Visitor: 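First the structure, which I've put down as C-alpha cells, then a few questions once you've had a look.
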Amino acid sequence: MEIDMAIRGSNDRRLKTKYDNAIFVIRRALALYTIEEIAFSFNGGKDSTVLLHLLRAGYFLQTTEKACSNGDATDFPIRTIYFESSSAFPEINSFTYDMAEKYGLIVDVIRTDFKSGLESLIKKKLVRAIFLGVRIGDPTAVGQEQFSPSSPGWPPFMRVNPILDWSYRDVWAFLLTCKVPYCSLYDQGYTSIGSVFDTVPNSLLSVSNLNGEEKFRPAYLLSDGRLERAGRLKKVASQAYVNSHAVSNGNSITNTLNGSTLTASIIAVGDEILSGTVEDQLQPLLCRKLHSIGWLVSESLVVRNDIDSVADEVERKRSSNDMVFLYGGVGPLHSDVTLAGVAKAFGVRLAPDEEFEEYLRHLFGDKCIGDRNEMALLPEGITQLLHHERLPVPLIKCQNVIVLTGANAEELDEQWNCLIELNESAGLVQINEPFVMKDLTLTISDVEACQPLSKLCLEFPDIFIGKKYMENNINPFICWLQSTFLCYLSMLFIHLTYWVLCKVCHRKSRSGDLTINFKVKDKARLDLVIEALRKKLPPGSVSGQVNQ
Ligand SMILES: Cc1cc2nc3c(=O)[nH]c(=O)nc-3n(C[C@H](O)[C@H](O)[C@H](O)COP(=O)(O)O)c2cc1C
Ligand SMILES: Nc1ncnc2c1ncn2[C@@H]1O[C@H](COP(=O)(O)OP(=O)(O)OP(=O)(O)O)[C@@H](O)[C@H]1O
Ligand SMILES: [Mg+2]
C-alpha cells in the first residue's frame with residue numbers, strides 16, 4: 001500500500017509515531033463499528049486530505065493485514081460526506097470532486113447546515129461514527145479526544161479524530177512524504193481554509209517580487225504552525241465586530257429600562273454546587289459588588305464542569321450583557337474546564353501563554369509536572385492579563401468576559417478590590433453611580449397592594465420596585481380568600497406586577513409583612529416614588545422605612 005510504504009521508508013521518526021497512532025485509532029474504529037455505520041467527513045482541506053490517505057491505509061491494513069504489499073488500494077467503501085457550500089472556494093470544491101474520482105470515494109454531498117445534514121444522515125443511513133480531520137490546535141477541538149461523542153444538542157454519533165494530536169508540521173510532513181495531491185490554494189499562501197468570506201492567504205508567507213507585487217509562498221513553508229489560522233483572522237475580527245455590536249444592542253435594551261445602567265451576568269462553574277455539596281458563597285458577594293458600582297446583574301447561573309455547557313452560556317450571556325463574570329473550574333484538574341469553555345465560546349483555541357506560565361512557575365516552582373503546564377493554556381488572541389501587585393496570578397479577561405480565580409469569599413474580595421483599583425488606569429469595568437435603595441414595610445397583603453403597585457410601576461418605569469414577605473403571622477393566602485372580589489378585579493394587574501417586580505423579588509416566607517424594595521440612581525426620584533405610593537395606599541398601610 002503506497003501510503004504505508006512511504007511512511008515506513010521515511011527517516012522521520014516523529015511522523016512514523018504519529019502515523020502509527022492514527023492508524024491504531026482508525027483500526028479500533030473499524031473494529032468497533034461496521035463499515036455501514038462509519039462515515040468520513042471530507043472537505044478537500046489539508047487535514048481531511050491527510051485523513052483520506054490514513055483511512056485508505058488503515059482500511060487496507062485492517063482488511064488485508066499486508067502492510068508491505070505493493071500497489072494502490074483502490075477499494076474504499078467508507079461513506080464520505082461533503083458539506084458543500086456556495087461560499088466554498090471553487091478550488092476546494094473541484095479538488096474534493098477530483099479526489100472522489102481518483103480514489104473511488106462514495107460521496108454524499110450535503111447542502112444543508114452541519115446539524116440538520118448529520119441528523120438525516122444518522123436517521124437514514126444508520127451512521128454511528130464519523131471520522132474528522134480535527135487537530136488539537138483547531139478552535140473546534142477544544143475538549144475533544146480521539147473518540148468524542150458529539151456535543152449535547154447535536155445528533156448522537158461518535159466523532160473519531162485520528163489526527164487530533166498532529167501538529168501543522170506533521171500534516172505537511174505527511175503530505176510531502178507521501179507525495180499525495182493537495183488543494184492548489186495551499187501553494188498560494190493559504191494555510192487553513194474556511195469560506196471565501198473569511199479566508200485570505202497567510203500574510204506571514206507574503207513576499208514581494210522585484211516589481212513590488214505581493215506573492216505568497218506555499219503553506220508548507222510556514223515555520224510557526226501556531227500561526228496557521230492567521231489568514232482566518234478576518235473572521236475573528238468580524239466576529240468581534242458582531243459581538244461588540246451585540247453588546248451595544250444589549251446596552252440599548254437595558255437603556256430603555258434605566259438610563260445608563262450596565263448589566264452583568266454571573267456564571268459559576270461547578271458540579272459541586274449543582275449537587276448541593278458546596279454552597280456557593282461567591283455569587284451573592286459578586287452581586288453586591290456589582291450592585292455597589294451601579295451595575296445590574298441580569299442573570300446568575302450555575303453550570304456543570306463541562307466545556308460545552310460553559311461555552312454555550314458564555315456565548316449567550318456575553319452577547320446580551322456588557323460583562324460576564326465567571327468563577328470556578330479554573331486550575332489543572334480534569335474538571336477545570338472554564339477556560340476551555342471560554343475559548344470555545346469565542347471560537348479560538350487554548351494556547352500556551354508564556355507570561356502566565358512565568359507567574360505559575362513562580363507560584364508552584366517545580367511542582368508543575370508534565371512537559372507543559374496545562375494551567376498556562378489561555379484562549380488565544382483574546383486574552384488580556386490583568387496584573388496587580390497584590391495578586392499572585394493576574395486576572396484573566398477575554399473581551400467582555402472576566403474569569404475570577406478566587407475560590408472563597410476572601411479571595412474573591414481581594415480580586416474584586418484589585419480589579420477596581422486597576423480600573424482607574426485601565427478602564428476595565430465602567431464604574432457607575434451606585435443604586436440608592438429603600439425598603440418600605442406595608443401592613444396590607446400583596447393582594448391589596450398589587451393594584452397601587454402596578455400603577456406605580458407604570459408611572460415610574462425607570463425605578464426598580466421589588467417586594468419581599470417578612471416573617472409574621474399574616475397569611476397572604478387567607479387575605480387572598482377574604483378579598484376574592486378584589487382579586488378578580490386585580491388579576492390583570494397581578495400578572496403585570498409580577499412581571500415587573502420579579503426582577504428583584506425575594507421571599508423569606510410566604511406569610512408576613514410585605515416589604516417593597518425601591519432601587520434607583522437618583523435620590524430625588526426615590527422620594528418622589530415613595531410619596532406617590534403612600535398616596536395610593538389606604539392610610540396607615542406603611543409601617544416602616546429602612547434605607548438599604
Ligand atoms: C461531521 C461533523 C460533525 C460535527 N460535530 C460537531 C459536534 O458534535 N459539536 C459541535 O459543536 N460542532 C460539530 N461540528 C461543527 C464543527 O465543530 C465546526 O463548527 C465546523 O467544522 C466549522 O468549522 P470552521 O468554522 O473552522 O470552518 C461538526 C462538523 C462536522 C462536519
Ligand atoms: N464542509 C465540510 N464537509 C465535510 N467535512 C468538513 C467540512 N468542514 C469541516 N469538515 C471536517 O472538519 C475537519 C476540520 O476542518 P478544518 O477546516 O479544521 O480542516 P481542513 O479543512 O481539513 O484543513 P484546513 O485547516 O487547512 O482548512 C475537516 O478535516 C473535516 O473532517
Ligand atoms: Mg478547512
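Note that these values count all heavy atoms, side chains included, but never hydrogens, waters or copies made by symmetry. Keep in mind that what you see is a predicted model, and the values were worked out from it rather than measured. Just follow the structure's listing: the first ligand is 1, and inside any ligand the first atom is 1.
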Visitor: First locate atom CD1 of Ile81, then atom CZ of Phe40, and finally report the distance between them rounded to the nearest 0.5 Å.
Guide: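 So the CD1 of Ile81 and the CZ of Phe40 are separated by 9.5 Å.
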Visitor: Determine whether the side chain, the backbone, both or neither of Val134 has a heavy atom under 4.0 Å from any heavy atom of ligand 1.
Guide: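 Val134 to ligand 1: no contact under 4.0 Å from either part.
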Visitor: Return the CD1 to CD distance between Ile130 and Glu37, rounded to the nearest 0.5 Å.
Guide: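 The CD1 atom of Ile130 sits 12.0 Å away from the CD atom of Glu37.
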Visitor: May I ask you to check if ligand 2 and Asn43 share an N or O to N or O distance below 3.5 Å?
Guide: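 Among all N and O atoms of Asn43, at least one is under 3.5 Å from an N or O of ligand 2.
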Visitor: Would you call Arg169-Asp12 a salt bridge at under 4.0 Å N-O?
Guide: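 Yes.
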Visitor: Would you say Thr96 and Asn93 are linked by a side-chain donor-acceptor pair, where the criterion is simply a distance under 3.5 Å?
Guide: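 Distance-only check fails for Asn93 and Thr96.
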Visitor: Any idea which part of Asp138 is under 4.0 Å from ligand 2, heavy-atom wise: side chain, backbone, both or neither?
Guide: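 Under 4.0 Å from ligand 2, Asp138 contributes side-chain atoms alone.
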Visitor: Please list the nearest protein heavy atom to atom 22 (O) of ligand 2 with its residue and the distance rounded to 0.1 Å.
Guide: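 Checked against all protein heavy atoms, atom 22 (O) of ligand 2 sits closest to Ser48 N, 2.8 Å.
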Visitor: Do other residues, nucleotides or ligands put more than 12 heavy atoms under 6.0 Å from the CZ atom of Arg217?
Guide: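 More than 12 within 6.0 Å, yes.
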Visitor: Output the list of atoms in ligand 1 that are nearer than 4.0 Å to some heavy atom of Arg229, sorted by atom number.
Guide: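 Under 4.0 Å from Arg229, ligand 1 has these atoms: 26 (O).
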Visitor: Using a strict 4.0 Å cut-off to heavy atoms of Arg159, name the atoms of ligand 1 that fall inside it.
Guide: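 Counting atoms of ligand 1 from 1, those under 4.0 Å from Arg159 are 5 (N), 6 (C), 7 (C), 8 (O), 9 (N).
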Visitor: Who's the nearest protein heavy-atom neighbour of atom 16 (P) of ligand 2, and how far?
Guide: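 Among all protein heavy atoms, the one nearest atom 16 (P) of ligand 2 is Asp47 OD2, 4.3 Å.
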Visitor: Which one of Gly231, Ser41, Ala141 has a non-hydrogen atom at the shortest distance from atom 30 (C) of ligand 2?
Guide: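 Minimum heavy-atom distance to atom 30 (C) of ligand 2 goes to Ser41.
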Visitor: I'd like the name of whichever of Leu132, Ile163, Val134, Val109 reaches closest to atom 11 (C) of ligand 2 through any heavy atom.
Guide: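 The nearest heavy atom belongs to Leu132.
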Visitor: Please report the C-alpha distance between Phe114 and Trp154 in whole Å, then the side-chain angles of each, then the deciding distance to 0.1 Å, and finally whether the ring pair (Phe, Tyr, Trp, His ring centres under 6.0 Å) criterion is met.
Guide: CA-CA 9 Å; Phe114 290 131; Trp154 283 71; 7.0 Å; no
Visitor: Mind running salt bridge (charged side-chain N to carboxylate O under 4.0 Å, His left out) on Lys179 and Glu2 for me, showing each step along the way?
Guide: CA-CA 10 Å; Lys179 298 189 176 64; Glu2 91 281 10; over 6 Å; no
Visitor: Classify the contact between Ile81 and ligand 2 as side chain, backbone, both or neither, using a heavy-atom distance cut-off of under 4.0 Å.
Guide: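 Backbone only.
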Visitor: Confirm or rule out an N/O/S atom of Gly45, from backbone or side chain, lying less than 2.8 Å from the Mg ion (ligand 3).
Guide: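 No, since none of the N, O or S atoms of Gly45 sits under 2.8 Å from the Mg ion (ligand 3).
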Visitor: Number the atoms of ligand 2 from 1 as they appear, then name those within less than 4.0 Å of a heavy atom of Gly45, with their elements.
Guide: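 In order of number, 20 (P), 21 (O), 22 (O), 23 (O).
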Visitor: With no hydrogens and no angle check, do the side chains of Ser309 and Arg304 hold a donor and an acceptor under 3.5 Å apart?
Guide: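 No, because no side-chain N or O of Ser309 sits under 3.5 Å from a partner of the opposite role on Arg304.
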Visitor: Counting heavy atoms only, which of Val127, Leu132, Ile130 is nearest atom 2 (C) of ligand 1?
Guide: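 Looking at heavy atoms only, the winner is Leu132.
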Visitor: For Glu228, which part has a heavy atom under 4.0 Å from ligand 2: side chain, backbone, both, or neither?
Guide: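 The part of Glu228 near ligand 2 is the side chain, not the backbone.
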Visitor: Report the residue from Gln399, Glu315, Glu380 that forms a side chain to side chain contact (heavy atoms under 4.5 Å, CB included) with Phe346.
Guide: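 The option that passes is Gln399.
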Visitor: Return the option from Trp154, Phe40, Phe42 holding the heavy atom at the smallest distance from atom 4 (C) of ligand 1.
Guide: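 Among Trp154, Phe40, Phe42, the closest heavy atom to atom 4 (C) of ligand 1 comes from Trp154.
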Visitor: Report the nearest protein non-hydrogen atom to atom 27 (O) of ligand 2: residue, atom name, distance rounded to 0.1 Å.
Guide: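 Going atom by atom, the protein heavy atom closest to atom 27 (O) of ligand 2 ends up being Ile193 N, 2.8 Å.
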Visitor: Does ligand 1 have a heavy atom under 4.0 Å from the side chain of Ser150, from its backbone, from both, or from neither?
Guide: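 Answer for Ser150: both.
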Visitor: Taking atom 3 (N) of ligand 2 as the point of reference, which of Phe40, Phe83, Tyr186 owns the nearest heavy atom?
Guide: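 Nearest heavy atom to atom 3 (N) of ligand 2 lies in Phe83.
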Visitor: Only heavy atoms of Arg232, strictly under 4.0 Å: list the atoms of ligand 1 that pass.
Guide: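 Counting from 1, the qualifying ligand atoms are 24 (P), 26 (O), 27 (O).
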Visitor: Give the atom numbers and elements of ligand 1 that come within less than 4.0 Å of a heavy atom of Thr140.
Guide: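 In order of numbering, the contacting atoms are 16 (C), 17 (O), 18 (C), 19 (O).
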Visitor: So is Gly133 polar-close to ligand 2, meaning N/O to N/O under 3.5 Å?
Guide: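 Between Gly133 and ligand 2, an N or O pair is found under 3.5 Å apart.
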Visitor: CD of Gln146 to CG of Asn21: how many Å apart, nearest 0.5 Å?
Guide: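 The CG atom of Asn21 is 7.0 Å from CD of Gln146, to the nearest 0.5 Å.
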Visitor: Say you draw a straight line from OG of Ser151 to NZ of Lys115; how long is it, rounded to the nearest 0.5 Å?
Guide: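 It is 8.0 Å, given to the nearest 0.5 Å.
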Visitor: Can you tell me if Tyr19 and Asp4 form a side-chain donor-acceptor pair at under 3.5 Å?
Guide: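 The criterion, which ignores hydrogens and geometry beyond distance, is satisfied for Asp4 and Tyr19.
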Visitor: List the steps and the verdict of salt bridge (charged side-chain N to carboxylate O under 4.0 Å, His left out) for Arg349 and Glu228.
Guide: CA-CA 12 Å; Arg349 67 175 193 158; Glu228 160 185 3; over 6 Å; no
Visitor: State whether the shortest distance between N or O atoms of Arg229 and N or O atoms of ligand 2 falls below 3.5 angstrom.
Guide: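 No, since none of the N or O atoms of Arg229 sits under 3.5 Å from an N or O of ligand 2.
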Visitor: Check whether the side chains of Ser206 and Glu214 place a donor and an acceptor atom closer than 3.5 Å, and report yes or no.
Guide: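 Short answer, yes.
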Visitor: Is there any N or O on Ser41 that sits under 3.5 Å from an N or O of ligand 1?
Guide: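 No: no nitrogen or oxygen of Ser41 is under 3.5 Å from one in ligand 1.
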Visitor: What do you reckon, does Phe114 have a nitrogen or oxygen under 3.5 Å from a nitrogen or oxygen of ligand 2?
Guide: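 Such a contact does not occur with ligand 2.
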